[in-house]
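Reviewing the structure listed below.
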Amino acid sequence: MIDFHCHIDLYSDPAAVLAEAEAKGVYVLAVTTTPKAWAGNQKLVRNLRRVRVGLGLHPELVAERHTEIPLWEHFLPEARYVGEIGLDGSPQHRGSFDIQKRILKRMLRSCADAGGRIMSFHSRRAATPVLDLIEEFPAAGTPVLHWFSGTERELARAVELGCWFSVGPSMLSSAKGRHLAQAMPAERVLTETDAPFTTVDGRPLMPWDVSLTYGALAELWRTTESAVPVQLNANLRSLLGSAPAV
Ligand code: MN
């Protein structure tokens, strides 16, 4: 099982969640929302084999946290994964859109200078400007668009640009989400939860709940449910094989 976008540090007991995820054999990318969280997260995962931390600066926090960008750059040499980064164009974050773009540009330039990174992107109501920047910095690494919710045309452009995608139970519970997922190349799809703020039956999703996507993915990919995690594991190996070691 693979949870390629989970906010482990936002659960009330992150260590307990990680211990259970590790016991269940889940590969987890623990994304962070601010570079100040990097060290604490690294400490949390230090004895775990299948958990990695993403160095993030969430677009929704950029308005108040953009002064932390030197700290983000300070940790970048030791981070193989970057995220959560991106742009948010929804009304409550429109006011910071220019600074979001400036900061994202600076992060992508840094990733390119560092030799490329695997990056987990947020692109809510901002798919086109996110893709514009991905196109401008091809050396920044491999983008993984998390919970993509743009248009079909934007999705086609993302595929053309070499983007990967992470999809979760929440996204696949809507017809629009399934329709978009259908148009993603199966060999560039990973699963995610975006937990703990995503829920199922009124409780927070857990990293192992990525298995809730298998039924929908089996249908989209015209395969059996048991073939889905096999494909996903192969995808993860291929992603890691294509990315530079750090
Ligand atoms: Mn997230």
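As the structure lists them, so they are numbered: ligands from 1, and atoms in each ligand from 1. Computed from heavy atoms alone, side chains included, the values below leave out hydrogens, waters and symmetry copies. Computed from a predicted model, the values in this text were never measured in an experiment.
Counted by atom type alone, T34 and E68 present one or more donor-acceptor pairs between their side chains at under 3.5 Å.
Below 30°, between 30° and 60°, or above 60°: for H5 and H146 the angle between ring planes is below 30°, a parallel geometry. The aromatic rings of F4 and Y81 sit perpendicular to each other, their planes meeting at more than 60°, with 30° as the lower class boundary.
Atom CE of M107 and atom CG of L133 lie 10.0 Å apart (nearest 0.5 Å).
Taking backbone and side chain together, H58 holds no N, O or S atom under 2.8 Å from the Mn ion (ligand 1). Distances from the Mn ion (ligand 1) show that H5 has an N/O/S atom below 2.8 Å.
Centred on the Mn ion (ligand 1), the OD1 atom of D194 and the OE1 atom of E84 lie at an angle of 170°, reported to 10°.
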